[in-house]
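All of these numbers come straight from a predicted model, not from anything done at the bench.
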Amino acid sequence: MSDSSKTAQMPLGAQISDMLWDRGVRHIFGIPGVHNQEMYRGIEQAGLTHILARHEQGAGFMADGYARASGQPGVAYVITGPGLCNIMTPMGQGYSDSVSMLVISSCLDETAARQGQLHQMRDQQGAAATVSDWSHTAQDAASAYQLIDRALEEFQTARKRPKHLQVPIAQLEAPAPAAPARPKAPSAFGATPAQAALLRDRLDAAKRPLFLFGGGAAPQQSQMQPGDMGGGQPADWLEGFLRLSVASFTTYAGRGVIPAGSPLHFGSMLARPESADIIATADLVVAVGSALSEVDLWRSHLGHRAELLRVDIDPQVLSDAQRADIKLQACADALLRLTFAEPLEPKTGWTPDEVSKTTQRWRAQIDTERPGILTICDALAQIMPPDMMVFSDMTQLAYAAKEVIDMARPGHWHHPYGFGTLGYSLPAAIGGAVARPGLPTLCIIGDYGFQYTMMELATAVELQLPLPILLWDNGKLGEIEDSMTRAQIAPNAVIQQNPDFLKLAEAFGAHATQPATLKDMQGAILSALKADRPTIIRVTPEITS
């Protein structure tokens, strides 16, 4: 784009696209409509690539997956009313899982005196506010520019959560000057030497300390750098931490922070009920970058009896019901780098044998709870490239995999943890694959969840993504059936008639296969990573070893 075009008057909708490009945005996810068409006027001129979803929910999940995979905000354009409502589910998912999404929608110019307008809502801004960090209306160009810059800066300096900006249709159509120059990058949230000294003092005094790492403990990804492929490298502090010889857990989102196979690492089995007993034996518990929410623990209390030290950038997390004794509001990565910059005296309170026996017992429990699924997980883990990024859905295959498949790198397994939305993983994997061209991406989804967003398969075909879609088809809502049985409720409405998924995939123009053995499944996944389009890989409980 020439310098002269930046200074020319253009409709505000076009100026917004120019501004986003200038701030480092390269992809937009969305669907055009009569109310937001001015936002599409300047997309190509700005240089942005637009990804056309088949439903605004799909656009939102694509933006979510893009943000998680790249470290850059996922930006979506949607229309007034139903477009905004359709993307609110992904916004809720992004809010619960700390995802940097910027949703820009049109809105009606006036709603109090005029009724019965196309796409009219009683309070569109208020509705979006329920699933976002904030929702505001820009009544002029200057306000739109300021709010966009505010959102982008907050993604770098605070907990990442969706933001919603809406612009009246008349303002989108009106001539506007170019956005002001890109502001100086804000200072990222950091940590202080005093905070590190306090943590070092507590570690020095402990004999059996235990660390719990969440997704916030992963090395920080650079923000808004065009072409950035996200994080995923070992942390600078990792060597110093491993020399300390302390035990550790990760949440599901924290997998990969501690290397798989580390002798004192309990893995991502924090939700095992017996983990509370293990935690109770520690004489210091350090929870880093995790909300320790219900979906992390599946119990109300962590289980600690000793001092609990929390590290998080969110003050609300630090003051939660776990009642931490020491609260350090800091960037986890920055604080850990300061803490382990100098060696600490190694601890002797934990043994590899203790950890190994415990995790083997928990694997046996998982195998009993979900018969046959563990072998599928093990077969999958054997052939996963180290740089593979996985997007999973609310399905029993994923529930087991999150506990038993560790990751070679942090930030490489993404799941709808908090909000728990069915249909997440297909569009999210599309967004992730767009963010990381040439790098392997895998979608894991259940037969029921796939039918929530299966129309987005058309987008994956359109983009010619080499995306394996591992579809677990047990012909029912298996997790709900099991839950009803445990509650002594006769299982009801848990069996559905599925379509022929292989023919359905072919109708969309995708590849499709149903492996008979686990070895065939492994081969199908590896072949799909090299294909010229997505591949549905249907796996049933009848698959053999």
Hey, does the side chain of [X] reach the backbone of [Y] with a donor-acceptor pair shorter than 3.5 angstrom?
X      : Y      : value
Arg538 : Asp473 : no
Gln124 : Ser106 : yes
Arg363 : Asp367 : no
Ser483 : Glu479 : no
Gln57  : Thr89  : no
His414 : Phe391 : no
Asn86  : Gly83  : no
Thr441 : Ala429 : no
Arg533 : Gly509 : yes
Gln120 : Gly116 : yes

Which one of [options] satisfies the side-chain contact (heavy atoms from CB on, under 4.5 Å) criterion with [X]?
X      : options                : answer
Ile104 : Asn36, Val78, Leu20    : Leu20
Thr459 : Leu465, Leu52, Ile51   : Ile51
Ile444 : Val390, Val539, Asp393 : Val390

Under 3.5 Å, is there a donor on one side chain and an acceptor on the other for [X] and [Y]?
X      : Y      : value
Tyr77  : Ser17  : yes
His55  : Thr453 : no
Gln396 : Asp482 : yes
His119 : Thr80  : no
His164 : Ser135 : yes

Handout entry: Test ring-ring contact (aromatic ring centres under 6.0 Å, His included) applied to Phe213 - qualifying residues, sequence neighbours left out
Key =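 Phe211, Trp237, Phe241.
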
Handout entry: Verdict with reasoning, Glu403 to Trp362, per side chain to side chain donor-acceptor pair (under 3.5 Å)
Key = CA-CA 9 Å; Glu403 291 196 274; Trp362 290 344; over 6 Å; no

Exercise for the section: Kindly write out the residues that satisfy salt bridge (charged side-chain N to carboxylate O under 4.0 Å, His left out) with Glu369, not counting sequence neighbours, or none if the list is empty. Expected result: Arg272

Practice task
Would you please name every residue forming a salt bridge (charged side-chain N to carboxylate O under 4.0 Å, His left out) with Glu456, sequence neighbours left out?
Solution key: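 Expected list: none.
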
Problem - Pair Tyr252 + His415: ring centers closer than 6.0 Å - result: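 Here the rings of His415 and Tyr252 have centres that are no less than 6.0 Å from each other.
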
Exercise for the section: Quick one: pull up CE in Met101 and CG in Asp133 and give me the separation to the nearest 0.5 Å. Expected result: 12.5 Å

Practice task
Please say which of Arg68, Lys160, Arg159 ends up in a salt bridge (charged side-chain N to carboxylate O under 4.0 Å, His left out) with Asp97.
Solution key: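 Considering Arg68, Lys160, Arg159, a salt bridge (charged side-chain N to carboxylate O under 4.0 Å, His left out) with Asp97 is found only for Arg68.
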
Exercise for the section: Verify the neighbour count for atom CD of Gln365: are there more than 12 heavy atoms of other residues, nucleotides or ligands below 6.0 Å? Expected result: yes

Exercise for the section: For Phe266, look at atom CZ and say whether over 12 heavy atoms of other residues, nucleotides or ligands are found less than 6.0 Å away. Expected result: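 Yes - once you tally the heavy atoms of other residues, nucleotides and ligands closer than 6.0 Å, there are more than 12.
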
Handout entry: Residue pair Ser290 / Asp296, side-chain heavy-atom distance below 4.5 Å
Key = yes

Problem - Flag side-chain contact, heavy atom, 4.5 Å: Leu292 against Leu297 - result: yes

Practice task
If the plane angle is over 60° it's perpendicular, under 30° parallel, otherwise tilted; pick one for Tyr424 and Phe61.
Solution key: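 Geometry flag for Phe61 against Tyr424: perpendicular rings.
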
Practice task
Look at Arg41 together with Glu173 and state whether they make a salt bridge at an N to O cut-off of under 4.0 Å.
Solution key: no

